[in-house]
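Counting from 1, the numbers follow the sequence of the chain as shown.
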Amino acid sequence: MTAPPPLEGAARNNWLRRLANYGLVLVVLVAIIGLYRLTPTQKDIQDPVEVHGVVGKAVKTPRFELTVKTVQVSKKLRIPRSAPDRESLSDFVVIEAEVQALREPMHLNKVSIKAADGTTYLGADRSGLETVDLSSYEFAPGIPARGVFVVEMPADKLPGAVLQVMEKAFLNDLEPQATIPLGVSKDELPGLRKDVAIFNAADAL
């Protein structure tokens, strides 16, 4: 009695079927990874909408218009109608700007400077500032106002830094954010430094 012939054809078919299954699994995995990378995250959906601009030119968002005029740096800050001068172990960055509301009365409740290394410094919270700087001012539609934003941060973090200004401090998903590179280089820092940073209270022009 002779032995049955080897099942070479069946074995080959099984091997090809297994290879096809592996290939199909690989294709599905690649598709899933690609879809994951292309799908917006919750953070992407909730991020503010940046409106970019430059120093010296008006940045127009749907709700307000902002023009950055000058930048000064000091260890001391003289707040109008308040004494004594405030002192900082870091630095006060004082940004003079003009702002105009476009639709309705409003405040700019979130002001920060984002350094080149990703660190974000919020607006200074010193007593007296809350009545005189632009972050405390109520803007009327169509009436520009001039004043300052004050941020406490190391001055050597200014090169490459960006000013970020928004109306809402919270619940600001997809809200417009004025984003303005301050354009300060390391060589320019000494020229921006003052013995005392002095400014006028925010007021309509």
Side-chain angles (χ1 to χ4, degrees), residues 43-44 46-61 64-99 107-137 145-170 172 175-202:
K43 182 179 181 298
D44 294 330
Q46 293 179 340
D47 275 351
V49 178
E50 294 185 348
V51 182
H52 295 273
V54 296
V55 172
K57 293 187 178 181
V59 181
K60 190 173 184 179
T61 79
F64 64 91
E65 187 173 283
L66 168 67
T67 306
V68 172
K69 296 292 188 179
T70 63
V71 179
Q72 57 178 318
V73 177
S74 181
K75 293 285 186 183
K76 291 185 177 182
L77 181 70
R78 184 165 300 165
I79 299 174
R81 303 188 294 272
S82 181
D85 293 344
R86 310 303 193 269
E87 297 188 17
S88 174
L89 295 176
S90 181
D91 288 290
F92 292 110
V93 177
V94 181
I95 299 170
E96 183 183 12
E98 291 181 8
V99 180
H107 290 84
L108 294 176
N109 291 307
K110 187 174 182 182
V111 177
S112 61
I113 292 178
K114 186 174 182 179
D117 63 4
T119 304
T120 298
Y121 301 90
L122 299 179
D125 184 22
R126 294 298 188 102
S127 62
L129 271 178
E130 71 277 2
T131 61
V132 295
D133 69 350
L134 284 172
S135 62
S136 62
Y137 189 84
R146 175 174 287 189
V148 300
F149 300 115
V150 181
V151 178
E152 203 164 349
M153 63 179 289
D156 60 7
K157 295 289 186 179
L158 275 178
V162 176
L163 175 68
Q164 300 174 318
V165 180
M166 296 184 66
E167 178 185 6
K168 297 180 180 179
F170 306 101
N172 50 24
E175 287 289 318
Q177 174 181 271
T179 304
I180 305 169
L182 293 175
V184 176
S185 68
K186 185 177 180 180
D187 294 339
E188 292 174 321
L189 282 176
L192 301 178
R193 187 168 290 281
K194 309 295 182 183
D195 291 336
V196 181
I198 301 174
F199 63 93
N200 296 319

Measure from the side-chain N and O atoms of [X] to the backbone N and O of [Y], and report whether any donor-acceptor pair falls under 3.5 Å.
X	Y	value
Ser74	Lys194	yes
Ser90	Met153	yes
Glu188	Lys186	no

[atom1]-[atom2] distance between [X] and [Y], expressed to the nearest 0.5 angstrom:
X	Y	atom1	atom2	result
Arg78	Asp85	CZ	CG	4.0 Å
Glu87	Leu89	CD	CG	9.0 Å
Leu158	Leu163	CG	CG	10.5 Å
Gln164	Gln177	CD	CD	4.5 Å
Met166	Phe64	CE	CZ	8.0 Å

So for atom [atom1], which belongs to [X], do other residues, nucleotides or ligands contribute more than 12 heavy atoms lying within a distance under 6.0 Å?
X	atom1	answer
Asp156	CG	yes
Lys75	NZ	yes
Asp117	CG	yes

| task | Just do the side-chain contact (heavy atoms from CB on, under 4.5 Å) check on Val184 and Val73 with the steps written out, would you? | result | CA-CA 11 Å; Val184 176; Val73 177; over 6 Å; no

[X] and [Y]: which non-hydrogen atoms are nearest, and at how many Å?
X	Y	value
Lys69	Val55	O-CG1, 4.2 Å
Val59	Ala178	CG1-CB, 4.3 Å
Leu134	Ala202	CD2-CB, 3.8 Å
Lys60	Val51	O-CG1, 3.6 Å
Ile180	Val54	CG2-C, 3.7 Å
Asp133	Leu129	OD1-O, 2.9 Å

Any chance you could lay out the side-chain hydrogen bond (donor to acceptor under 3.5 Å, both in side chains) test for Ser136 and Glu130, step after step, and finish with the verdict?
-> CA-CA 5 Å; Ser136 62; Glu130 71 277 2; over 6 Å; no

Salt bridge present between Lys157 and Asp91 (N-O < 4.0 angstrom):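 Answer for the salt bridge query: no.
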
Check your understanding: Stepwise, does the side-chain contact (heavy atoms from CB on, under 4.5 Å) test hold for Asn109 with Lys168?
Key -> CA-CA 5 Å; Asn109 291 307; Lys168 297 180 180 179; 5.8 Å; no

State, with a plain yes or no, whether a side-chain heavy atom of [X] is found less than 4.5 Å away from one of [Y].
X	Y	value
Arg81	Val132	yes
Val150	Ile79	no
Lys110	Pro48	no

Is it the case that the side chains of [Y] and [X] hold a donor-acceptor pair, with the cut-off being a distance below 3.5 Å and no angle test?
X	Y	result
Thr70	Glu96	yes
Ser82	Arg86	yes
Asp187	Ser185	no
Thr67	Glu98	no

query: Partners of Tyr137 by ring pair (Phe, Tyr, Trp, His ring centres under 6.0 Å), sequence neighbours excluded?
result: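 Expected list: Phe139.
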
* Stepwise side-chain contact (heavy atoms from CB on, under 4.5 Å) check, Ser112 with Leu122 -> CA-CA 4 Å; Ser112 61; Leu122 299 179; 3.9 Å; yes

When you look at Phe92 and Val148, which way does the side-chain contact (heavy atoms from CB on, under 4.5 Å) test go after all the steps? CA-CA 12 Å; Phe92 292 110; Val148 300; over 6 Å; no

